Amino acid sequence: MNDAASPRITLKSDRTPGHPWVWSAQVVKPAERIPPGSVVEVVDSKGRFVGRGFWNGHARVALRMLTTDPAETVDADWIAARIARAVELRRDLLRLDDASDAWRVVHSEGDGLSGLVVDRYANHLVVEYFAAGMWRFREAIHAELLRHFPGASLYWFAEQHVQRQESFDVRSNDAPAAVDVHEHGLAFHAAPGLGHKTGFFADQRDNRRRFAHLARDRRVLDLCCNAGGFAVHAMKAGAREATGVDADAAILEVARANARMNAVDAHFEQGDVFEWLRAAIAEGRTWDAVVLDPPKLTRDRNQVVNALKKYFAMNRTALDVIAPGGILLTCSCTGLVSEADFIEMLRRVALNAGREIQLLHVAGAGPDHPVASNVPENRYLKAVFCRVI
C-alpha cells in the first residue's frame, strides 16, 4: 500500500489521541467511502500530521493508530519488521525458548500491531485477527511468521463477532492436530485453534511455577482447573496432594492425561465450583493451598459490577476451605475488571469472612504479553498470591 496515495482522515480535536484506538465520534466523517482496513494518514483539526493507521468506518474503533513517525510507510515490509521485533524480544531478550515451546509471539498493541495476536504451540502457530486492516496484510504476516518458524503449521481465524464489527470475512483453514508442549521441564497436551479448550494457557506460565514453589508440602485445591496445569506443577514440585475441579468433563480428561504424562498423582473431579465447594464446606474439608482461576466473566462494560459480584462470591466461598495460614492464588482474566477493583473485592471478602488476607505478590501474564504504556486495557490478567490467616 502506498501512503502517498493514502486517504486522509481528520480528527475533530487538535490534541494528539495518546491511544492507538480512536473512536468514530472523534473523527470527521470522510466525504467518500474508504474500504474497511485501509491504511490512512491522520491529521488533527488544524491539518497537522498525527500518524498512520487502519481505518474502519463500520467499527466503533474507527482508527487503529500504528505509527506517529511521518517517515514510516505502513506496508508489508513495515508489518514484517514489527513481527521481527516481537520475535526478537521473546527469543533474544526473554529467552523464552529456554523455558517453553508455548508462548505468545505477537500481543497486539503491546507489540505495536493493533488487531493481531499470534500464539505458538510447539511447531504450530495460531493467528487471530481482530482488525480488517491486519487481515488485508495476512499474506505478509504469514510469510514473516514462517521465516522465523520454518516448517511450522499456521492456523488463522477471527471470532464471528469481530468479523461482523470489522466487516471482513475470514475463511479459516483446518486446525492442526493436538500437540504436546513443554514448560519449565513439564509436558502438557494442547489443542491449538480450539479456543478456551486448547488445554493450555501460556499466560500463566510463571504463575504456575511460583504457586508450585509456595505449595510444596501442602495439600492443593485447583478450582476451575481446566487442564490441571497448576495441580500438575504443584505435585511435581513436592505438594502432598492435589485435587482439581472443573465443570468441563472433556477438559478433565486432558488434565488426567497431563498428570499421567508427568508421572504425578493428581485427582480431578467434575462439578460446578460453587456446588462442589458447598459440599466440601459441609463435610468440613480444608486445603492449605488453593488456586481459583475462573474463565473470563464478561466482555461488556455494563456488566463489570456483576462480574465483581461473582468474583466476590467465588472467593468468599473458597475462603471457607482454606486452612489458617493457607495460600490462595486468585485470578481474573476479565480485562474490564481493573487490578484495583479486584484487590478491593478481596478486601471486602476478608472483611465479610472475618479473616486476614495478606497480599504476597500481584502478577499478571508473562512478559511474552507485553503491555504498551498507553494501552493499560491489554493488562487483562490479574494473579494475586495471598496468605489467609
Side-chain angles (χ1 to χ4, degrees), residues 196 208 211-212 214-235 238-256 258-259 264-298 305-334 337 342-360 382-389:
H196 76 282
R208 282 188 281 263
F211 177 80
L214 293 172
R216 193 171 299 154
D217 296 322
R218 291 175 179 260
R219 294 167 297 118
V220 170
L221 177 60
D222 186 357
L223 298 169
C224 304
C225 67
N226 196 259
F230 282 103
V232 170
H233 265 280
M235 288 299 292
R240 284 162 52 195
E241 63 179 61
T243 300
V245 181
D246 202 282
D248 187 336
I251 205 65
L252 288 177
E253 287 304 313
V254 178
R256 294 182 183 107
N258 284 335
V264 298
D265 184 20
H267 177 63
F268 296 97
E269 297 183 18
Q270 182 190 6
D272 172 83
V273 167
F274 280 111
E275 293 177 4
W276 195 95
L277 282 173
R278 289 188 193 108
I281 292 166
E283 295 169 8
R285 301 172 68 190
T286 62
W287 287 262
D288 39 30
V290 175
V291 182
L292 178 57
D293 186 19
K296 183 183 294 186
L297 296 188
T298 185
V305 172
N306 286 335
L308 283 165
K309 288 179 180 177
K310 291 178 184 176
Y311 281 123
F312 177 93
M314 281 189 284
N315 282 273
R316 175 63 187 87
T317 308
L319 237 61
D320 284 344
V321 298
I322 301 178
I327 298 298
L328 169 66
L329 168 57
T330 180
C331 305
S332 164
C333 62
T334 306
V337 171
F342 193 65
I343 291 174
E344 167 61 16
M345 175 275 299
L346 285 176
R347 184 192 69 81
R348 292 187 292 107
V349 165
L351 187 65
N352 183 274
R355 298 185 69 177
E356 182 181 349
I357 294 180
Q358 294 176 304
L359 304 186
L360 306 179
K382 283 75 62 180
V384 185
F385 293 80
C386 312
R387 185 170 71 151
V388 181
I389 308 300

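Because the structure is predicted, anything quoted here is derived from the model rather than measured. Positions are given from 1 along the sequence.
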* Hey, what do you get for CD1 (Ile322) to CG (Leu328), rounding to the nearest 0.5 Å? -> 4.5 Å

* **Identified side-chain contact (heavy atoms from CB on, under 4.5 Å) counterpart of Leu221 within the set Val321, Asp288, Leu292** => Val321

* Apply salt bridge (Lys or Arg N to Asp or Glu O under 4.0 Å) to Glu344 and Arg347, showing your working. => CA-CA 5 Å; Glu344 167 61 16; Arg347 184 192 69 81; 2.8 Å; yes

* **Heavy-atom closest contact (Phe274 atom, Lys310 atom, distance)** => CZ-O, 4.4 Å

* To do: For the pair Tyr311 and Phe342, name the ring-plane relationship: parallel under 30°, tilted 30 to 60°, perpendicular over 60°.
  => perpendicular

* To do: Taking all heavy atoms of Met345 and all of Leu308, pick out the closest pair and write down the distance.
  => CG-O, 4.0 Å

* Structure fact -> Between Asn352 and Arg316 the two heavy atoms that sit nearest each other are OD1-NE, 2.7 Å

* Asked: Does any N or O in the side chain of Asp222 come within less than 3.5 Å of the main-chain N or O of Ala231, such that one atom is a donor and the other an acceptor?
  -> yes

* Lys382 (side chain) donor-acceptor with Thr330 (main chain) under 3.5 angstrom -> no

* Give a yes or no answer on whether the side chain of Asp246 reaches the backbone of Asn226 with a donor-acceptor pair at less than 3.5 Å. => yes

* To do: Kindly compute the distance separating SG (Cys331) from CZ (Phe211), expressed to the nearest 0.5 Å.
  => 9.5 Å

* Asked: Passes side-chain contact (heavy atoms from CB on, under 4.5 Å), Asn306 versus Thr298? Steps please.
  -> CA-CA 9 Å; Asn306 286 335; Thr298 185; over 6 Å; no

* Contact summary for Phe268 and Gly228, nearest pair of heavy atoms -> CE2-CA, 3.8 Å

* Take Trp287 and Glu241 through the side-chain contact (heavy atoms from CB on, under 4.5 Å) test and state the conclusion after the steps. => CA-CA 10 Å; Trp287 287 262; Glu241 63 179 61; 4.1 Å; yes

* Asked: How many angstroms lie between atom SG of Cys224 and atom CG of Asp248, to the nearest 0.5 angstrom?
  -> 11.5 Å

* **Derivation of the side-chain contact (heavy atoms from CB on, under 4.5 Å) call for Ser332 and Val384** => CA-CA 9 Å; Ser332 164; Val384 185; over 6 Å; no

* To do: Specify the closest pair of heavy atoms between Pro294 and Cys333, including all atoms of both residues, with the distance to one decimal.
  => O-SG, 3.8 Å

* To do: Give a yes or no on whether a salt bridge exists between Arg256 and Glu253, defined as a side-chain N under 4.0 angstrom from a carboxylate O.
  => yes

* **Any Phe312 side-chain heavy atom under 4.5 Å of Val349 side chain** => yes

* Under 3.5 Å: donor-acceptor pair, side chain of Arg219, backbone of Thr286 -> yes

* Taking all non-hydrogen atoms of both residues, which atom of Arg355 and which atom of Ile389 are closest, and how far apart? -> NE-O, 3.2 Å

* May I ask you to decide if Gly325's main-chain N or O and Arg387's side chain share a donor-acceptor pair within less than 3.5 Å? => no

* **Heavy-atom donor-acceptor pair, Asn258 side chain to Ala227 backbone, under 3.5 Å** => yes

* Donor-acceptor contact below 3.5 Å, side chain Gln358 vs main chain Cys386 -> no

* Got a second to check how far Ile251's CD1 is from Cys225's SG, nearest 0.5 Å? -> 8.5 Å

* For Met314, the option from Leu319, Leu297, Leu277 that meets side-chain contact (heavy atoms from CB on, under 4.5 Å) -> Leu297

